[in-house]
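Worksheet: the structure to be examined is printed underneath.
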Number of protein chains: 2
Amino acid sequence: MNTDFLCGTALFNGIKKEEINGLLKCLNAFTKKYGKGEYICRCGDTAENIGLVLSGAVIIKNDDFWGNQSVLAHIAAGQVFAESYALIKNQPLLVDAVAASKTEVLFINGGKINSPCGNLCPCHKKITDNLLRISALKNVRLSRRILYTSSKTIRGRLMSFLSDEAREQGSRKITIPFDRQQLADYLNVERSALCAQLSKMQKDGILEYHKNSFMLKTQ
Amino acid sequence: MNTDFLCGTALFNGIKKEEINGLLKCLNAFTKKYGKGEYICRCGDTAENIGLVLSGAVIIKNDDFWGNQSVLAHIAAGQVFAESYALIKNQPLLVDAVAASKTEVLFINGGKINSPCGNLCPCHKKITDNLLRISALKNVRLSRRILYTSSKTIRGRLMSFLSDEAREQGSRKITIPFDRQQLADYLNVERSALCAQLSKMQKDGILEYHKNSFMLKTQ
DNA sequence: CAAAATATGTTGTTAAAACAACAAAACGGA
DNA sequence: TCCGTTTTGTTGTTTTAACAACATATTTTG
């Protein structure tokens, strides 16, 4: 097991290299390899394990009753998936996890995290804290996206998104980490319609922009 | 302090009445009362405390740069708020918390949860586990809502929502926990447009419904 | 039960976004 | 610098949802 890699992940953050192997044993961890397109877990399964992507990538997707498919997330190496489900009992998966390419996954038993190895070892506690942080951060990110997409107009979505960015960056002059296509996907709108709306907002004098630099204006 | 009430909350679940007072002390807990409309915390603050609503209710809201306001959540008695922010360092609040009525809030230091009282007391661990469960559950709920609202059409949103309900209820005949207005708000669409779309879907033969009972049909 | 209140469904109009197709600008090597 | 590529912006058309106003059904309650 590549302990260096693991120590660099958010899940094992703060845990020493030499502690890893003991910890993995006590968490019932095991690894498994998947070919491209292979299912890692399926909708309806009861996820007992947290998945940590060691190499490759995982796609989280959902098929509805009539067969329409939608991709919910891409999980890169070093990131975890299915953690929310593994930590709640009796909550079957509502999504599928599929290997996006040749992928290796480390599985960690979710129950073992809640009820540790008898002796409350300190690095066990670290995992819990790390998970709590990962989960809280994800929460903030999800809540934000819901906020930004709650307006029914593209202009409304842009205004709430840009406002928060300005707040975060502490200035009304901001740079965003998306190109137009990514921003459109994030806000759940059409790219060309987004461009058109931005240009209208500039004409209306509520903002100015160039590429991904924006300047919000009070009138 | 009403220990019976606290034991019934998700945050203090599994903790014994007689343990509560000691625990509260070790978590630096304190209570505060607010009048209707009073701000509990403001956007930009660094939330150090988890808030637990003891009585009344709290509204989580957001104002954008240009003054548009939107309500993100209503927190009822027994539920927590600001927990995600309190658990992550250096993440200033992007929302305001306002008392919806005369409200009393119990605050618990987020840092104290991560670095406990020296002796790793077992009920301290319970709080962490409870928080992890609360956070994971919230995650699942938020992810779901994002999934359901990711389609650009009302029909698409309905199909993904109803599919999941059918999966959860283990049948293609389901009952939903919303009336039309609530469902429309949840899916972020107009009520009357929702009604119209439902009726069109019935005409198209992909479902049948009466009030909040639905029957999904394969063709 | 009848009246009032609430919830659901229908329809026509208007506003907005999706979509498509293309123009212009910016970028990145060769 | 020039050419190919990618990104961004523009415009017209079509689709869809919002909106408004009202009809019908259902529930509540005096």
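Labels below follow one simple rule: chain letters A, B, ... track the order of the sequence lines, proteins then strands, and each chain is numbered from 1.
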Side chains of Asn139(A) and Ser135(B): any donor to acceptor distance under 3.5 Å? yes
Taking it one step at a time, do Asp96(B) and Lys61(B) satisfy salt bridge (Lys or Arg N to Asp or Glu O under 4.0 Å)? CA-CA 5 Å; Asp96(B) 302 305; Lys61(B) 69 174 188 65; 3.2 Å; yes
Between atom CG in Asn212(A) and atom P in dA26(C), what is the gap in whole Å? 13 Å
Report the residue (Gly156(B) or His210(B)) whose heavy-atom-nearest nucleotide on DNA chain D is the more 5′ of the two. Gly156(B)
Ranking dA17(D), dA21(D), dG9(D) by distance to the side chain of Tyr209(A), first place goes to dG9(D)
Euclidean distance, atom CG of residue Leu187(A) to atom P of dA17(C) [Å, nearest integer]: 12 Å
Which atom pairs, one a donor and one an acceptor, fall under 3.5 Å between side chains of residues 69-87 of chain A and the rest of the protein, sequence neighbours left out?
unit_1	atom_1	unit_2	atom_2	d
Gln69(A)	NE2	Asp63(A)	OD1	2.8
Gln79(A)	OE1	Ala76(A)	N	3.1
Glu83(A)	OE2	Lys138(A)	NZ	3.1

Quick check: on DNA chain C, is the nucleotide nearest Asp179(B) upstream (toward 5') of the one nearest Ala196(B), or the reverse? Name the residue that is more 5'. Asp179(B)
Given dT10(D), dG9(C), dA18(C), identify the nucleotide with an atom nearest to the side chain of Cys195(B). dG9(C)
Nucleotide nearest Ile154(B) when distance is taken to its side chain, options dA26(C), dA17(D), dT11(D): dA17(D)
Whether Arg167(B) and Asp164(B) form a salt bridge (side-chain N of Lys/Arg under 4.0 Å from carboxylate O of Asp/Glu) is what I want to check. yes
Nearest-Å distance for atom pair CE/C1', residues Met201(A) and dT10(D): 18 Å
Answer yes or no: is there an ion pair linking Lys217(B) with Glu208(B), defined by an N-O contact shorter than 4.0 Å? yes
Any side-chain N or O of Ser192(A) under 4.0 Å from OP1/OP2 of dT11(D)? no
Taking C-beta and beyond as the side chain, do Ser150(B) and Asn188(A) meet within less than 4.5 Å on heavy atoms? yes
Would you kindly give the NZ-to-C1' distance between Lys152(A) and dA16(C), to the nearest whole Å? 13 Å
Roughly, in whole Å, what's the span from CG in Leu194(B) to C1' in dT10(C)? 14 Å
Side-chain ion pair, Glu168(B) and Arg144(B), N-O less than 4.0 Å: yes
Can you confirm whether Met201(A) sits close enough to Met159(A) that some side-chain heavy atom of one is under 4.5 Å from a side-chain heavy atom of the other? yes
Atom NZ of Lys200(B) and atom C1' of dT10(C): how far apart are they, to the nearest Å? 12 Å
Residue Lys211(B), side-chain atoms from C-beta onward, closest of dT27(D), dA17(D), dT11(D): dT27(D)
Whole angstroms only, please: what is the CG-C1' distance between Asn188(B) and dA17(C)? 15 Å
Of the options dA17(D), dA21(C), dT10(C), whose atoms approach the side-chain atoms of Arg191(A) most closely? dA21(C)
Axis bend over the full length of the helix from dC1(C)-dG30(D) to dA30(C)-dT1(D), computed from five pairs that close each end, to 10 degrees: 50°
When rounded to whole Å, the CZ to C1' distance for the pair Arg155(B) and dT16(D) reads 12 Å
Quick one: is dG9(D) close enough that its OP1 or OP2 comes under 4.0 Å of any side-chain N or O from Arg180(A)? yes
Could you tell me whether the phosphate oxygens of dT7(D), OP1 or OP2, come under 4.0 Å of any side-chain nitrogen or oxygen in Gln181(A)? no
